[in-house]
Amino acid sequence: MEKKYIKKALMIVFLATLTTSCDKKLEFEPRQNIDATTALESSSDIRSAVIGAYSIMGGGALYGTNLNILPELLGSDNYVRWAGTFQSYRQVANRAMLPNNADITRTWIQAYAAINNVNNVLENLDKVTDVAEKSTYEGESLWVRGIMHFELVRLYALPYDSATPGANTQLGIPISVTAVKAEETAAVKGKRNTVEEVYNQVLADLTAAISKLPEDNGARADIYTALAFRSRVYLAMGRYADALADANTIIDNPRFRLSATLESVFSNKRTSEALFEIEQNDQNNAGTSNDGLTTFYASLVGIGRADLRVNAAFQALYPANDARGKDLIYTGVGARPGNLYTGKWKTFGQNIPVIRLAEMYLTRAECNFRLGSSVGNTPLADVNVIRTRSGAAPLLAVTLNNILLERELELAFEGSRIHDLRRTKRSTGAFAYNSPELVFPIPEREIRANTELVQNPGYL
């Protein structure tokens with residue numbers, strides 16, 4: 001990436017997203033401010049805006065921290081414990097969120113900032129004359145818009161329910177497909193769409209993105225990235241045949257293969273297992289005063305705040321000789337020593353895998369089991385591929401509970417916890433899968449600015 005594009009992308013992000021990492025230091029952009037990405041006059045401007053969207057998604061409000069930590073804390077029972085001082089995260093862990101929660105607010109704001117970035121790109125694609133570049137930018141923009149709406153609806157609304165007629169008419173989030181270009185546009189009061197409508201928009205965007213993206217786009221999203229996210233969306237909707245087809249397409253591609261060890265996926269960058277990861281370096285996350293997964297998860301000498309502890313009961317779920325429980329969960333030697341911590345996040349500048357091949361194997365296993373099919377391979381074989389990679393003894397037979405447990409063990413501390421519990425209608429502690437306490441409030445600042453927005457039940 002050329003330096004001039006990095007500089008311009010960072011300026012876009014700075015102007016569009018004036019936030020910092022810690023609760024007391026968060027300063028949210030006034031609603032009346034107009035996003036700087038509106039000034040798109042050339043192909044290089046379009047490129048900078050696209051790169052800017054990746055930068056926003058990599059920030060602490062989204063995949064850089066919160067889209068991992070918040071879902072883990074919501075499903076923290078017998079799993080993790082919040083031991084840090086930030087009250088915004090403590091509220092989430094206690095399922096006692098307030099509408100002015102700083103992290104719930106900044107995640108909403110930054111997700112819509114990324115969406116607005118790419119809406120501007122989509123409305124200015126005529127500035128790009130190269131056909132291949134234009135297609136790629138369009139595909140990336142549709143992908144960003146799709147996954148950001150998906151992440152928002154999973155956190156700020158009740159889960160999609162394919163088994164209950166009429167269930168998905170419940171309120172979701174506002175769908176945003178028009179760029180904010182002027183104050184009068186920013187002042188338009190958007191209502192919340194239904195969960196069904198949001199999921200339909202997500203699928204439309206991801207499907208269109210697949211038709212536009214290249215086979216390989218380097219560190220940025222390509223066809224297989226969009227397929228992987230669409231498989232995740234289909235699984236959340238209970239559309240198992242569709243989720244299976246996308247996962248199988250990815251697994252069948254020889255470009256992707258499981259890494260030799262799970263640890264190597266996190267200690268190396270852009271491995272053959274990564275379908276999309278956030279690119280980071282020591283400047284992105286320079287230490288424990290910054291946002292970052294290592295900042296909050298790690299307890300090593302000079303590294304990490306050790307705010308998220310792993311419960312011993314969860315470690316005990318791993319089979320004997322399973323490196324995921326034996327080596328990737330360790331006793332802290334830095335901040336708050338003597339407790340258990342995950343070894344997935346141990347260095348400040350490491351990349352952040354957001355979606356990876358192991359998940360596709362587990363999705364294929366679950367979908368084949370539910371459908372009574374063996375597309376690509378049997379559910380037993382796919383589960384055992386994941387288990388034996390980490391040294392766990394292979395199973396002789398498999399049940400749905402085995403598959404769901406394997407997802408928990410393999411994808412632990414990666415931001416999937418509450419989403420898997422809710423889509424499979426499992427409780428967490430005393431909270432049923434559809435408890436209002438497991439749904440984030442619409443941020444107070446949004447409710448005050450927009451009289452058309454309806455607050456979620458249980459929040460004033």
Taking the side chain as everything from C-beta on, heavy atoms only, tell me whether [X] gets closer than 4.5 Å to [Y].
X: S267; Y: Q350; result: no
X: R426; Y: L404; result: yes
X: Y156; Y: P441; result: no
X: L453; Y: P174; result: yes
X: S259; Y: E273; result: yes
X: R309; Y: V80; result: no
X: V202; Y: I147; result: no
X: L244; Y: N368; result: yes

Mind checking the [atom1]-[atom2] spacing from [X] to [Y]? Nearest 0.5 Å is all I need.
X: I442; Y: N456; atom1: CD1; atom2: CG; value: 4.5 Å
X: M148; Y: W108; atom1: CE; atom2: CH2; value: 13.5 Å
X: Y318; Y: R324; atom1: OH; atom2: CZ; value: 6.0 Å
X: R364; Y: I403; atom1: CZ; atom2: CD1; value: 12.0 Å
X: N168; Y: N200; atom1: CG; atom2: CG; value: 9.5 Å
X: L122; Y: N117; atom1: CG; atom2: CG; value: 11.0 Å

Test item: [X] side-chain N/O and [Y] main-chain N/O as donor-acceptor pair under 3.5 Å:
X: D216; Y: G218; result: yes
X: Q91; Y: L98; result: yes
X: N120; Y: N116; result: yes
X: D103; Y: A61; result: no
X: R95; Y: P436; result: no
X: Y54; Y: A221; result: yes
X: E72; Y: S416; result: yes
X: T399; Y: N402; result: yes
X: H419; Y: A236; result: no
X: Q110; Y: L62; result: no

Give the minimum heavy-atom separation between [X] and [Y], together with the two atoms involved.
X: A335; Y: Y341; answer: O-OH, 4.0 Å
X: A432; Y: S427; answer: CA-CB, 4.0 Å
X: A243; Y: S231; answer: O-OG, 2.9 Å
X: L152; Y: I115; answer: CD1-CD1, 4.3 Å
X: A208; Y: L142; answer: CB-CD1, 3.7 Å
X: A247; Y: T363; answer: CB-CG2, 4.2 Å

Query raised in the report: Would you call the rings of F86 and Y89 parallel, tilted or perpendicular, where under 30° means parallel and over 60° means perpendicular?
Result: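 Correct class here is perpendicular.
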Query raised in the report: For N100, does the CG atom sit with more than 12 other heavy atoms under 6.0 Å from it, leaving out its own atoms?
Result: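 Yes, CG of N100 has more than 12 neighbouring heavy atoms, counting only those of other groups under 6.0 Å.
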Query raised in the report: Less than 4.0 Å between a side-chain N and a carboxylate O, is that true for D126 and K134?
Result: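 Salt bridge absent between K134 and D126.
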Query raised in the report: Does a side-chain N-to-carboxylate-O contact under 4.0 Å join E366 and R423?
Result: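 Looking at E366 and R423, the cut-off is met.
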Report task. Determine whether the aromatic ring centres of Y224 and F256 lie less than 6.0 Å apart. Result ->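 Distance test on ring centres: under 6.0 Å, yes.
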Report task. Let me see the working for R145 and E140 under salt bridge (Lys or Arg N to Asp or Glu O under 4.0 Å), right down to the final yes or no. Result -> CA-CA 9 Å; R145 190 170 75 182; E140 288 177 288; over 6 Å; no
**Report entry** Residue among Y137, F229, F150 satisfying ring-ring contact (aromatic ring centres under 6.0 Å, His included) with W143
**Finding:**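 With W143 as partner, Y137, F229, F150 yield a single ring-ring contact (aromatic ring centres under 6.0 Å, His included), made by F229.
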Query raised in the report: W345 pairs by ring-ring contact (aromatic ring centres under 6.0 Å, His included) with which of F266, F296, F413?
Result: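 Answer to the ring-ring contact (aromatic ring centres under 6.0 Å, His included) test with W345 among F266, F296, F413: F266.
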Please tell me whether [X] and [Y] have a donor and an acceptor in their side chains that are separated by less than 3.5 angstrom.
X: R305; Y: S299; answer: no
X: T107; Y: N66; answer: yes
X: E277; Y: Y63; answer: no
X: E279; Y: N351; answer: yes
X: D246; Y: T249; answer: no

Query - Worked verdict on D45 versus S48 for side-chain hydrogen bond (donor to acceptor under 3.5 Å, both in side chains) - result: CA-CA 5 Å; D45 290 340; S48 295; 5.5 Å; no
**Report entry** Geometric cation-pi criterion, R417 with Y79: 6.0 Å, 45°
**Finding:**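 Yes, R417 lies over the aromatic ring of Y79.
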Requested in this report: Could you walk me through whether E414 and R356 pass the salt bridge (Lys or Arg N to Asp or Glu O under 4.0 Å) test, one step at a time?
Outcome: CA-CA 11 Å; E414 295 180 44; R356 55 190 180 86; 2.7 Å; yes
Requested in this report: Take E151 and R154 through the salt bridge (Lys or Arg N to Asp or Glu O under 4.0 Å) test and state the conclusion after the steps.
Outcome: CA-CA 5 Å; E151 299 292 4; R154 291 200 294 175; 2.9 Å; yes
Report task. Please test I223 against N217 for side-chain contact (heavy atoms from CB on, under 4.5 Å), starting from the C-alpha separation and ending with a verdict. Result -> CA-CA 9 Å; I223 286 175; N217 198 22; over 6 Å; no
Report task. May I have the step-by-step check of side-chain contact (heavy atoms from CB on, under 4.5 Å) for E196 and Y160, ending in yes or no? Result -> CA-CA 8 Å; E196 185 80 54; Y160 193 96; 3.1 Å; yes
Query - Test log, rule side-chain contact (heavy atoms from CB on, under 4.5 Å), inputs V454 and K191 - result: CA-CA 8 Å; V454 177; K191 294 183 179 181; over 6 Å; no
**Report entry** Criterion salt bridge (Lys or Arg N to Asp or Glu O under 4.0 Å) on R192 and E197, from CA distance to verdict
**Finding:** CA-CA 10 Å; R192 294 176 68 179; E197 290 169 339; over 6 Å; no
Requested in this report: Report the residue from T207, D242, T225 that forms a side-chain hydrogen bond (donor to acceptor under 3.5 Å, both in side chains) with R230.
Outcome: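 Result for side-chain hydrogen bond (donor to acceptor under 3.5 Å, both in side chains) with R230: T207.
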Requested in this report: Carefully, step by step, assess V118 and V50 under the rule side-chain contact (heavy atoms from CB on, under 4.5 Å).
Outcome: CA-CA 7 Å; V118 296; V50 171; 5.9 Å; no
**Report entry** Passing option when I69 is tested against L74, D307, L293, D291 for side chain to side chain contact (heavy atoms under 4.5 Å, CB included)
**Finding:**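 Checked L74, D307, L293, D291 against I69; only one passes side chain to side chain contact (heavy atoms under 4.5 Å, CB included): L293.
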